[in-house]
Asker: 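Let me give you the structure first, and then I'll get to my questions.
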Amino acid sequence: MAAEELPLTLFFEDLRKRLILAGTCWLAAFLACYAVAERLFGYIAHPLKAILPQKSSLVFLTAVEPFFTYLKVAAMAGLLLCLPLILWQLWGLAARALNIAEQGLGLAFVLSGCLCFYSGAYLGFTYVFPLIFSVLIDFGIGSGSAQAMLSMDAYLSLTLMLLLAFGLVFELPILLTLLARLGLVDHRWLRKHRKYMLIVAFLFGALFTPGPDVLSQCALAIPFVVLYEVGILGARALGRSRGAPVENHREESPASL
């Protein structure tokens with residue numbers, strides 16, 4: 001029994017060390033970003049300020065709202081700065097299920113993962129967010145009986161949720177390719193379940209977009225569908241058959257820090 005429990009014990013010990021390292025890095029980045037949190041919030045609020053009508057502005061409803069808003073900004077900025085290290089730690093765990101040759105793909109995984117997440121967040125923030133907020137604000141003030149005065153915290157919470165949603169959607173090809181490389185799925189299985197992923201895409205869009213309008217949902221669902229297809233291509237090119245054994249496995253990964 002002890003021999004069977006040892007690998008699991010080592011796994012959780014490795015997981016604990018990686019969580020501590022990632023958490024320490026995130027805390028240091030958070031403290032550094034808090035020093036410029038007000039400037040960062042001004043950058044985040046720029047797409048909204050550009051489409052707000054005259055005499056409308058962001059407001060805070062309680063005395064502590066700016067303080068907690070800047071805390072959230074610093075936390076998110078710190079997370080984005082630490083993303084390469086976080087992905088490296090995730091790779092270190094996943095690499096235990098790969099063979100020796102495949103464990104050398106860690107750098108490619110981290111670079112592609114960061115590129116996909118940052119690209120999704122940037123494209124969403126630059127092109128999709130202004131369109132979504134413009135539609136919602138025009139709908140709100142269309143009757144002429146209300147004036148747009150948005151809360152700092154409410155706007156930031158919505159923006160951060162959308163940033164994470166777009167970033168995670170753009171990670172889909174990397175995730176599917178990695179799962180295929182581990183032998184958990186293959187391109188045939190992914191193609192077979194394509195119709196279910198279409199439903200999941202629009203459910204994901206409905207869950208993470210702010211309004212009930214079709215435009216907001218499609219803005220997230222369409223990239224989901226497209227990137228799922230990219231993931232199928234990656235699974236076909238780099239994956240192995242489901243359930244295929246992994247040879248040359250070793251306990252320690254060179255990705256360990």
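Count residues from 1 along the sequence. We use all heavy atoms of the structure for the numbers below, so side chains are in, but hydrogens, waters and symmetry mates are not.
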Asker: Between atom CG of Asp186 and atom CZ of Arg236, what is the distance when rounded to the nearest 0.5 Å?
Answerer: 11.5 Å

Asker: Any side-chain heavy-atom pair from Leu233 and His187 closer than 4.5 angstrom?
Answerer: no

Asker: Could you go through the side-chain contact (heavy atoms from CB on, under 4.5 Å) check for Phe30 and Leu81 one step at a time?
Answerer: CA-CA 9 Å; Phe30 163 76; Leu81 287 177; over 6 Å; no

Asker: Give the minimum heavy-atom separation between Gly231 and Leu190, together with the two atoms involved.
Answerer: O-CD1, 4.4 Å

Asker: Should Leu178 and Trp91 count as side-chain neighbours, where that means a heavy-atom distance under 4.5 Å?
Answerer: yes

Asker: State the OG1-CE distance between Thr69 and Met152, to the nearest 0.5 angstrom.
Answerer: 4.5 Å

Asker: How close do Cys33 and Leu40 get, heavy atom to heavy atom, and via which atoms?
Answerer: O-CD1, 4.0 Å

Asker: side-chain contact (heavy atoms from CB on, under 4.5 Å), that's the test. Do Phe133 and Leu158 meet it? Break it down for me.
Answerer: CA-CA 10 Å; Phe133 288 124; Leu158 180 58; 3.4 Å; yes

Asker: Find out whether Gln89 and Leu21 are in side-chain contact, i.e. whether some heavy atom of one side chain is under 4.5 Å from a heavy atom of the other.
Answerer: yes

Asker: Inspect the surroundings of CZ in Arg39 and state if more than 12 heavy atoms from other residues, nucleotides or ligands are less than 6.0 Å away.
Answerer: no

Asker: Between Leu198 and Phe224, is there a side-chain heavy-atom distance shorter than 4.5 Å?
Answerer: no

Asker: Where the side chain of Glu65 meets the backbone of Leu61, is there a donor-acceptor pair that is under 3.5 Å apart?
Answerer: yes

Asker: First locate atom CG of Leu15, then atom CD1 of Ile20, and finally report the distance between them rounded to the nearest 0.5 Å.
Answerer: 10.0 Å

Asker: Going through the distances and angles, do Tyr118 and Leu83 end up as a side-chain contact (heavy atoms from CB on, under 4.5 Å)?
Answerer: CA-CA 10 Å; Tyr118 292 148; Leu83 183 61; 3.7 Å; yes

Asker: For Leu107 and Trp88, which heavy atoms make the closest approach, and how far apart are they?
Answerer: N-CZ3, 3.7 Å

Asker: Any chance you could measure Leu220, atom CG, to Phe204, atom CZ, to the nearest 0.5 Å?
Answerer: 5.5 Å

Asker: Do Leu58 and Val64 sit in the same hydrophobic cluster, where Ile, Leu, Val, Met, Phe, Trp and Tyr count as joined when their side-chain heavy atoms come under 4.5 Å apart?
Answerer: yes

Asker: Does Phe68 share a hydrophobic cluster with Leu79, counting links as ILVMFWY side-chain heavy atoms below 4.5 Å and allowing steps through other members?
Answerer: yes

Asker: Check Val73 against Ala37 and note the closest heavy-atom contact, atom names and distance.
Answerer: CG1-O, 3.8 Å

Asker: Could you go through the side-chain contact (heavy atoms from CB on, under 4.5 Å) check for Val110 and Leu90 one step at a time?
Answerer: CA-CA 9 Å; Val110 172; Leu90 290 175; over 6 Å; no

Asker: Roughly how far, to the nearest 0.5 Å, is the CG atom of Leu123 from the CZ atom of Phe129?
Answerer: 10.5 Å

Asker: CZ of Phe117 to CG of Leu163: how many Å apart, nearest 0.5 Å?
Answerer: 7.5 Å

Asker: For the hydrophobic clusters of this structure (ILVMFWY residues joined by side-chain heavy atoms under 4.5 Å, transitively), does one cluster hold both Tyr127 and Ile222?
Answerer: no

Asker: Please examine the side chains of Ile232 and Glu229, heavy atoms only from C-beta on, and report whether any two atoms are closer than 4.5 Å.
Answerer: yes

Asker: Can Phe170 be reached from Val200 by stepping across I, L, V, M, F, W or Y side chains whose heavy atoms are under 4.5 Å apart?
Answerer: yes

Asker: If you compare all heavy atoms of Lys72 against all heavy atoms of Leu156, which two are closest, and at what distance to 0.1 Å?
Answerer: CB-CD2, 3.6 Å

Asker: Anything under 30° is parallel, anything over 60° is perpendicular, the rest tilted; go ahead and classify Tyr155 against Phe41.
Answerer: perpendicular

Asker: So, for Phe109 and Leu87, which heavy atoms are closest and what is the spacing to 0.1 Å?
Answerer: CE2-O, 3.5 Å

Asker: May I ask you to check whether Phe125 and Tyr43 place their ring centers less than 6.0 Å from one another?
Answerer: yes

Asker: Quick one: do Trp26 and Tyr34 end up in the same hydrophobic cluster if we chain Ile, Leu, Val, Met, Phe, Trp and Tyr together by side-chain heavy atoms under 4.5 Å apart?
Answerer: yes

